[in-house]
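Step one of this worksheet: look at the structure below.
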Amino acid sequence: MTVHIYNTLTRKKDAFIPVETGKVKMYVCGMTVYSDAHIGHARTYVAFDVIRRYFEYKGNTVFYVQNITDVDDKIIAAANKQGIDPLLYSQRFTDRCLTDLDALGVRRADLYPKASEAIPEMIHMIEQIIQNGYGYVADGDVYFSVESFSDYGKLSGQNIAEMKKSARIEPGDLKRNPLDFALWKKAKPGEPVWPSPWGPGRPGWHIECSAMSCSILGPAFDIHGGGMDLQFPHHENEVAQAEAATGQQFARFWMHIGLLTINGEKMSKSIGNIINIKDLLQRWDAEVLRMFFAQAHYRSPPDFSEKALTDVEKGRERLHRMKERLQEHAKKASAEKPTDSKLQEPEKQYLLTIKDFQDEFEAAMDDDFNTPKAFASLFEFVNKSNRFFEQYLNPNPELCKHALDVYLKTSSVLTVFQPPTHTPLKKESDITSALQALLQKYDKTIDTPTIDALLQALLEARQDARKEKDYKTADDIRKKLESLGFEIQDTTRGSVWRKK
RNA sequence: GGGCGGGUAACAAAGUGGCUAUGUGGCGGACUGCAGAUCCGCCUACGAGGGUUCAAAUCCCUCCCCGCCCUCCA
């Protein structure tokens with residue numbers, strides 16, 4: 001009933017009860033926009049998309065905020081290299097990155113606050129931190145004093161003494177302690193600059209998330225998340241900043257997404273194995289990619305490979321065939337609900353199967369969003385449904401409609417069966433003319449050359465050939481249709497086609 | 001060195017005291033002109049060694065491996 005979430009703060013699964021009943025406020029660390037969105041981003045944002053969808057499935061209203069980091073060392077470096085204004089540069093990539101995620105079929109967050117537009121909030125928070133004695137000014141820079149904040153390390157499980165041993169001390173640094181981090185950086189040539197009480201400069205790396213999440217969601221919002229790599233130091237610092245400034249507990253639940261590897265290797269620039277979403281979508285269907293990410297438990301590191309995608313693609317076919325099978329059986333359904341009294345014994349059993357499936361799905365998702373288990377319940381339902389339909393040829397349409405509804409509702413949480421987000425490779429008119437050409441070859445014509453009608457006519461032509469035991473022709477037609485993207489199946493009740 | 005997470009059948013991946021996970025792949029069968037789909041059956045599973053228990057992949061102990069973070073990262 002209640003969702004349990006593994007909370008990085010407590011290192012156990014805690015019962016999730018939102019601050020405001022029926023409302024879930026979540027903040028997820030977004031992209032630093034200086035290059036195209038890659039599959040690491042895809043992994044994380046698909047994971048949160050599923051989480052968000054499940055909260056909605058449970059009847060919650062979700063307010064999902066994902067920041068855009070558009071003021072950052074790497075952006076500045078990249079922009080300066082090309083002689084472009086850094087803010088203009090990041091603006092360009094913001095659109096590109098979000099479009100990439102759109103193409104993947106990841107639903108957009110409700111709000112994408114940008115660092116560059118939240119400077120006043122950040123300055124305000126830095127002032128509070130200084131006022132409360134946790135920050136200090138040093139020649140136009142402002143630093144956070146880690147040692148003055150006794151809870152420092154509570155999120156990542158680090159302790160200050162141990163960290164000090166491995167801390168790097170950079171020359172020319174004005175930090176009192178090597179672990180201290182910058183809240184505000186004094187202006188340097190070639191960098192974007194904003195005025196501040198400490199002189200012109202720009203915000204440090206971590207302050208944007210503390211400031212924006214607190215100002216938009218209030219300090220004690222429900223869920224804060226991001227990739228596992230952000231746990232330390234980024235999120236640790238966020239907690240320190242926000243709690244030092246507000247004196248209140250910051251985000252209540254912290255969720256960290258397992259990082260993707262590629263063929264067993266860490267994805268990194270130095271290895272040169274970064275794959276962009278855009279490139280991948282050239283070769284793979286968005287749904288396959290989403291399913292690959294959704295199928296991995298969010299805290300585990302999935303290993304990306306072509307083989308893995310192929311396996312997922314096959315599994316997806318199975319899900320799609322079931323959807324079609326259910327739709328077929330549900331065609332004549334009235335708006336009525338299936339009631340026990342109108343059902344035959346096997347149908348009553350199937351009604352129970354549907355109920356069990358939904359219960360299992362929810363139990364899996366309630367348990368820290370156990371998507372592998374949720375998928376298992378989905379596939380199990382497919383198996384049981386197939387078995388039912390094999391034995392029971394004319395099932396109650398309302399019953400099947402009900403099964404379909406449950407099937408679609410649960411699947412869509414896992415991002416399956418979403419409307420296609422890209423244009424198909426072949427245009428409809430091309431397919432029509434190809435089908436027409438094929439039909440003429442077998443001396444047939446039809447009045448209204450729709451795809452449906454053409455396929456029907458071709459299947460009839462093929463059926464004639466089969467009757468005459470002209471299997472060469474029959475196989476030929478099947479092969480040609482296959483190449484046009486139509487799968488032909490000969491069943492006991494005649495030949496049927498489906499789009500691949 | 002400090003922190004965190006792993007090692008499950010051919011591959012991927014859940015499970016965490018007794019109950020077929022699941023997906024992909026392989027083999028055999030039913031159906032079929034063939035193919036496909038679907039169904040049925042099968043393919044030495046729990047890193048190693050001890051222990052607790054009526055019962056351990058699951059709890060305890062010892063050991064061996066692997067990954068990630070501690071520097072920018074989703």
Side-chain angles (χ1 to χ4, degrees), chain A residues 8 11 28-32 34 37-48 66 69 72-74 77 97 153 156-159 161-168 170 179 205 225-234 236 256-261 264-269 274 291-292 295-297 299-303 305 307-319 321-322 324-325 360 364 367 370-383 385-391 465-467 469-472 474-475 478-479 482 487-492 495-496 498:
Chain A
T8 308
R11 305 205 178 284
V28 171
C29 282
M31 295 175 279
T32 301
Y34 68 106
H38 54 67
I39 54 174
H41 295 126
R43 193 276 181 278
T44 296
Y45 301 126
V46 169
F48 280 111
Q66 193 184 114
T69 299
D72 167 89
D73 293 353
K74 285 187 300 282
C97 288
S156 56
Q158 310 275 336
N159 76 72
E162 279 302 332
M163 279 190 286
K164 255 185 160 174
K165 289 181 194 164
S166 60
R168 296 178 185 190
E170 284 169 33
L179 296 176
W205 171 37
M228 206 74 96
D229 53 337
L230 297 178
Q231 189 179 327
F232 188 87
H234 184 59
E236 189 68 60
H256 289 100
I257 310 298
L259 296 191
L260 182 91
T261 57
E265 276 186 317
K266 181 187 159 171
M267 184 175 85
S268 79
K269 267 201 168 155
I274 292 179
M291 249 182 88
F292 167 73
Q295 234 169 4
H297 183 88
R299 284 191 281 124
S300 306
D303 187 41
S305 66
K307 155 102 169 63
L309 291 184
T310 307
D311 286 359
V312 168
E313 192 172 36
K314 300 264 174 62
R316 178 187 68 146
E317 275 300 296
R318 209 169 150 70
L319 298 182
R321 277 189 215 104
M322 179 45 62
E324 288 158 20
R325 199 165 193 179
E360 273 168 41
D367 182 15
N370 192 334
T371 52
K373 209 173 175 182
F375 268 103
S377 70
L378 195 62
F379 279 110
E380 218 167 296
F381 177 65
V382 171
N383 286 331
S385 299
N386 272 324
R387 230 169 288 165
F388 172 64
F389 294 132
E390 289 301 306
Q391 288 162 10
R466 289 178 74 204
K467 268 184 199 149
K469 304 222 185 243
D470 179 5
Y471 294 124
K472 165 106 183 35
D475 289 350
R478 184 168 62 194
K479 233 177 166 175
E482 198 121 332
E487 188 180 282
I488 306 306
Q489 285 176 24
D490 299 327
T491 71
T492 45
S495 298
V496 293
R498 65 183 285 273

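To the nearest 0.5 Å, atoms CE (M267(A)) and CG (D303(A)) are separated by 12.5 Å. For the atom pair CG of D490(A) and CZ of R478(A), the computed distance is 6.0 Å after rounding to the nearest 0.5 Å.
Side-chain proximity of N370(A) to the nucleotides C72(B), G15(B), A74(B) is greatest for G15(B). Residue H38(A) places its side chain closer to A74(B) than to any other of U20(B), A74(B), A37(B). In the set A37(B), A14(B), A74(B), the nucleotide with an atom closest to the side chain of T32(A) is A74(B). Closest approach to the T44(A) side chain among U20(B), G36(B), A74(B) is made by A74(B) (side chain taken as heavy atoms from C-beta onward). Of the candidates U38(B), C70(B), C68(B), the closest approach to any side-chain atom of K266(A) belongs to C68(B).
Here A47(A) pairs with R43(A), I257(A), Y298(A) under the side-chain contact (heavy atoms from CB on, under 4.5 Å) rule; sequence neighbours left out. Judged as a ring pair (Phe, Tyr, Trp, His ring centres under 6.0 Å), and not counting sequence neighbours, the contacts of F292(A) are F304(A).
The two residues V382(A) and R318(A) come nearest to each other via the heavy atoms CG1-O, 4.3 Å. When all heavy atoms of Q295(A) and F375(A) are compared, the closest pair comes out as CG-CD1, 3.4 Å. The minimum heavy-atom distance between R316(A) and M291(A), with the atom names listed, is CB-SD, 3.7 Å. Here the closest non-hydrogen pair linking G30(A) and Q66(A) is CA-CG, 3.7 Å. The two residues A474(A) and R466(A) make their nearest non-hydrogen contact at CB-CG, 3.5 Å.
Between K314(A) and G25(B) there is a side-chain polar atom (N or O) within less than 4.0 angstrom of OP1 or OP2. Between R325(A) and U38(B) there is no side-chain N or O to OP1 or OP2 distance below 4.0 Å. Between N383(A) and G23(B) there is a side-chain polar atom (N or O) within less than 4.0 angstrom of OP1 or OP2. Of the side-chain N and O atoms in R387(A), one or more sit less than 4.0 angstrom from OP1 or OP2 of C40(B).
Taking atom P in both A12(B) and G7(B), one finds a spacing of 12 Å when rounded to whole Å. Using atom C1' as the reference point in both A57(B) and C46(B), the two lie 4 Å apart (nearest Å). Using P as the reference atom, C4(B) and A37(B) are 47 Å apart when rounded to the nearest Å. Between G36(B) and G29(B), the two P atoms lie 14 Å apart (nearest whole Å). When the C1' atom is used for both U32(B) and G17(B), the distance is 48 Å, rounded to whole Å. For U71(B) and G18(B), the C1' atoms lie 50 Å apart once the distance is rounded to whole Å. Annotation: A48(B) and A13(B) have their C1' atoms spaced 23 Å apart (nearest Å). Taking atom C1' on both nucleotides, U58(B) is separated from U16(B) by 4 Å, rounded to a whole Å.
F48(A) places its CZ atom 9 Å from the C1' atom of A74(B), with the value rounded to the nearest Å. Going from atom CD1 of I257(A) over to atom P of A74(B) covers 14 Å, rounded to whole Å. A14(B) atom C1' lies 15 Å from atom CG of L378(A), rounded to whole Å. As rounded to whole Å, 7 Å separates atom P of C39(B) from atom CD of E390(A). Rounded to whole Å, atom C1' of U38(B) lies 15 Å from atom CZ of F388(A). In this structure, L260(A) atom CG and C69(B) atom P are separated by 13 Å, rounded to whole Å. Taking atom CD on E487(A) and atom C1' on A37(B), their separation rounds to 7 Å, with Å as the unit. Here the C1' atom of nucleotide C68(B) and the NE2 atom of H256(A) are 13 Å apart, to the nearest Å.
Among the atoms of the strands shown, base atoms are found under 4.0 Å from some heavy atom of M267(A). Counting any heavy atom pair closer than 4.0 Å across all strands shown, G30(A) reaches sugar-phosphate atoms only and no base atom. Among the heavy atoms of the strands, none lies under 4.0 Å from F389(A). Among the atoms of the strands shown, none is found under 4.0 Å from any heavy atom of T310(A). Across all strands shown, L230(A) has heavy atoms under 4.0 Å from sugar-phosphate atoms exclusively, and none from any base. Base contact: I488(A) has a heavy atom under 4.0 Å from a base atom.
Side-chain atoms of N386(A) and R321(A) form no donor-acceptor pair, as typed in the model, at a separation below 3.5 Å.
A side-chain donor-acceptor contact under 3.5 Å links E236(A) to the backbone of S156(A). A distance-only check finds a donor-acceptor pair linking the side chain of S377(A) to the backbone of A374(A) [under 3.5 Å]. The backbone N or O of A296(A) sits nowhere less than 3.5 Å from a side-chain atom of S300(A) that would complete a donor-acceptor pair.
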Exercise. Which string of ( ) [ ] | and . matches RNA chain B, if you list each base 5' to 3' and count Watson-Crick or G-U pairs only when both distances are under 3.5 Å?
Worked result: (((((((..(((.....[...)))((((((.......))))))...(((((..]....))))))))))))....
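Place F379(A) and Q391(A) on RNA chain B by their nearest nucleotides, and F379(A) ends up nearer the 5' end. Residues Y34(A) and K373(A) each lie close to RNA chain B; by heavy-atom proximity, the contact nearer the 5' end of the strand is made by K373(A).
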N/O donor to acceptor pairs below 3.5 angstrom from side-chain atoms of residues 227-234 of chain A, sequence neighbours left out:
from, atom 1, to, atom 2, distance (Å)
H234(A), ND1, H206(A), ND1, 3.0
H234(A), NE2, E238(A), OE2, 3.0

Dump the pairs, protein N or O against N or O of nucleotides 4-13 of chain B, anything under 3.5 Å, distances to one decimal.
none

Contact list (N/O, under 3.5 angstrom) for nucleotides 30-33 of chain B vs protein:
from, atom 1, to, atom 2, distance (Å)
G33(B), O4', Y471(A), OH, 3.4
G33(B), N7, R466(A), NH2, 3.4
G33(B), O6, R462(A), NH2, 3.3
G33(B), O6, R466(A), NE, 3.3
G33(B), N1, D475(A), OD1, 3.0
G33(B), N2, D475(A), OD1, 3.4
G33(B), N2, D475(A), OD2, 2.8

For this session: May I have the step-by-step check of salt bridge (Lys or Arg N to Asp or Glu O under 4.0 Å) for E380(A) and R387(A), ending in yes or no?
Result: CA-CA 11 Å; E380(A) 218 167 296; R387(A) 230 169 288 165; over 6 Å; no
